[in-house]
Amino acid sequence: MSSPTVAAPLKQRTPVRPARILLHVFLVGTALAWLAPLLWAVYAALRPYGETSTKGYVSWPDKLSLDNFTNAFTQSDMAHYFGNTLIIAVPAVLLTLFLSSMVAFYVSRFDFRLNLALLLVFTAGNLLPQQVIITPLYRLYLLIDLPGITVSGKLYDSALGLVLIHVAFQSGFCAFVLANYMRMLPHELTEAALVDGASVWRMYWQIVLPLCKPAMAALATLLSIWIYNDFFWAIVLISTGENMPVTSALNNLSGQYFTDPNLVAAGALLTAIPTLIVYFVLQRQFVSGLTLGANKG
C-alpha cells in the first residue's frame, strides 16, 4: 500500500504595492525622456532634408538611408578632426591620471601637517568656474613663446595648450577620488615594503598603483568623455580651424545662408561614436570602480 503524498504548500504571491508601480512608471518615463532626443536625432539623420522640409519632421518616412552620415563625414573632414582630438585627449588623460595618482599617493600614505590642506587646494580648482579665467588665461597663452615646439610658436593655438588646461582642471577631481581609494588600502603593504628597503617610487609604482586599476579605469572613462566632448576651451584657445578638435568640426556643416539640420544630426551622432566605444570597452572596470567600497562598513 503506497504512502499518502503530502501536497506541497502553495506559494503565496506577494501583492504588488502601488508605490512600486509608480516607481516603475517613473523610471520608464525618465528613460524615455532621456532617449527621446537621441532617437529623434537618429530618425532625422536617416531622412533626406527634402522630405522633412515638405512633410515635416512628425511624419512617416518615404525613404531611410545613410547618405547623411556619409556626407557629414566627408564634408566636415571628420577624419582629420578625429586625429586632432586623439592628439589632445590621449596625452591629457594619461598625464592627468599619472600626476593625480602621485598627489593622491603622497597625501594618502604620508602624514604631515598640510596633508588635508594640499588635497583641498587640488580639489578647489574644480570649483572655480572656467569662464572666470578666460581673459587672464588667454593673455597668458599669448605671452608664452614656444618656438620649435608648437606650430604656432606660442602656447596659444596649439594642442599642447589644450592638453595643459585639461590636465590642470581635471587633476583635482582625480586626486580627490584616488586619495580616498588609496586610504582604503592596508597600510601594512607599504610598511612591509619600507622594511624590505623599497624606495618611495617603488612603493608607488609597483605596489599601490597596480591596486588602483579599477579606480583608474573608471576615471579614465570619465576623463576620455569629458575631454573628448570639450568645446569651450577649443573655441577660446584655438584660432586655426585645422587645429580644432572634432566637436568643432560640426561648424563645417553649417552654411552661411542655409544649414541642413538632418546633416548636422548625422554629424553629431558620428562624433558620439568614440565615446560609446570607450564606455563599452571599459564598462566592466567602470562599473566596478564606481561600486568600490559599497560593501564596506
Side-chain angles (χ1 to χ4, degrees), residues 20-86 88-89 129-131 134 162 166 221-283 286-287:
R20 190 172 183 83
I21 297 177
L22 291 176
L23 175 62
H24 281 79
V25 170
F26 171 75
L27 293 176
V28 171
T30 304
L32 291 177
W34 277 97
L35 290 175
L38 177 62
L39 296 178
W40 197 263
V42 174
Y43 177 64
L46 292 174
R47 299 181 68 184
Y49 177 74
E51 181 180 319
T52 56
S53 63
T54 55
K55 300 178 61 176
Y57 283 94
V58 185
S59 59
W60 189 258
D62 295 332
K63 176 185 177 183
L64 296 177
S65 67
L66 299 176
D67 293 341
N68 284 330
F69 292 93
T70 304
N71 295 334
F73 188 84
T74 55
Q75 291 182 22
S76 64
D77 196 11
M78 200 165 287
H80 171 74
Y81 292 99
F82 272 131
N84 290 348
T85 302
L86 197 66
I88 296 169
Q130 299 177 354
Q131 294 82 357
I134 289 179
L162 286 182
H166 286 309
T221 306
L222 292 174
L223 287 175
S224 300
I225 295 174
W226 291 343
I227 295 175
Y228 177 87
N229 289 329
D230 173 69
F231 184 77
F232 176 77
W233 288 117
I235 291 297
V236 174
L237 301 177
I238 298 292
S239 60
T240 305
E242 294 183 354
N243 297 337
M244 287 188 172
V246 71
T247 50
S248 61
L250 296 178
N251 288 335
N252 296 339
L253 300 177
S254 300
Q256 184 177 0
Y257 302 104
F258 169 75
T259 298
D260 185 349
N262 295 31
L263 190 66
V264 174
L269 292 173
L270 287 175
T271 59
I273 291 177
T275 58
L276 295 176
I277 294 175
V278 170
Y279 174 75
F280 285 117
V281 169
L282 299 176
Q283 181 180 11
F286 178 71
V287 174

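Note that this is a predicted model, so its numbers are computed, not measured.
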Q.
Under the salt bridge (charged side-chain N to carboxylate O under 4.0 Å, His left out) definition, can you give me all pairs with a residue in residues 21-30, not counting sequence neighbours?
A. none

(Q) Run Leu162 and Ile227 through side chain to side chain contact (heavy atoms under 4.5 Å, CB included) and show every step you take. (A) CA-CA 10 Å; Leu162 286 182; Ile227 295 175; over 6 Å; no

Q: Indicate yes or no: at least one non-hydrogen side-chain atom of Met244 is less than 4.5 angstrom from one of Ile235.
A: yes

Q. Do you know which two heavy atoms are closest between Leu64 and Pro61, and how far apart they sit?
A. CD2-CB, 3.8 Å

Q: Any pair with a residue in residues 266-276 that passes side-chain hydrogen bond (donor to acceptor under 3.5 Å, both in side chains), sequence neighbours left out, goes on the list, sorted by first then second residue, please.
A: none

Q | Contact summary for Ala72 and Leu270, nearest pair of heavy atoms | A | CB-CD1, 4.3 Å

**Q.** For Tyr57 against Tyr43, the heavy-atom pair lying closest together
**A.** O-CE2, 3.5 Å

Q.
side chain to side chain contact (heavy atoms under 4.5 Å, CB included), that's the test. Do Leu46 and Phe69 meet it? Break it down for me.
A. CA-CA 8 Å; Leu46 292 174; Phe69 292 93; 3.7 Å; yes

Q) Where is the tightest heavy-atom contact between Lys63 and Glu51, given as atom of each residue plus distance? A) N-OE1, 3.4 Å

Q: Return each pair, listed once, that meets side-chain hydrogen bond (donor to acceptor under 3.5 Å, both in side chains) where at least one residue sits in residues 23-34; pairs must be two or more places apart or across chains.
A: none

Q.
Show the nearest heavy-atom pair for residues Leu263 and Gln75, with the distance to one decimal.
A. CD2-OE1, 3.5 Å

**Q.** Contacts of Asp67 that satisfy side-chain hydrogen bond (donor to acceptor under 3.5 Å, both in side chains) - sequence neighbours left out
**A.** Ser65

Q. At what distance, to the nearest 0.5 angstrom, does CD1 of Ile238 lie from CD1 of Ile88?
A. 6.0 Å

Q: Identify the heavy atoms of Asn68 and Ala45 that sit nearest to each other, and give their distance.
A: ND2-O, 2.8 Å

Q. Are more than 12 heavy atoms from other residues, nucleotides or ligands located less than 6.0 Å from atom CD of Gln131?
A. yes

Q. Residues in ring pair (Phe, Tyr, Trp, His ring centres under 6.0 Å) with Phe232, at least two apart?
A. none

Q.
Enumerate the side-chain hydrogen bond (donor to acceptor under 3.5 Å, both in side chains) contacts for residues 225-238, please, sequence neighbours excluded, ordered by first and then second residue.
A. Gln130-Trp233

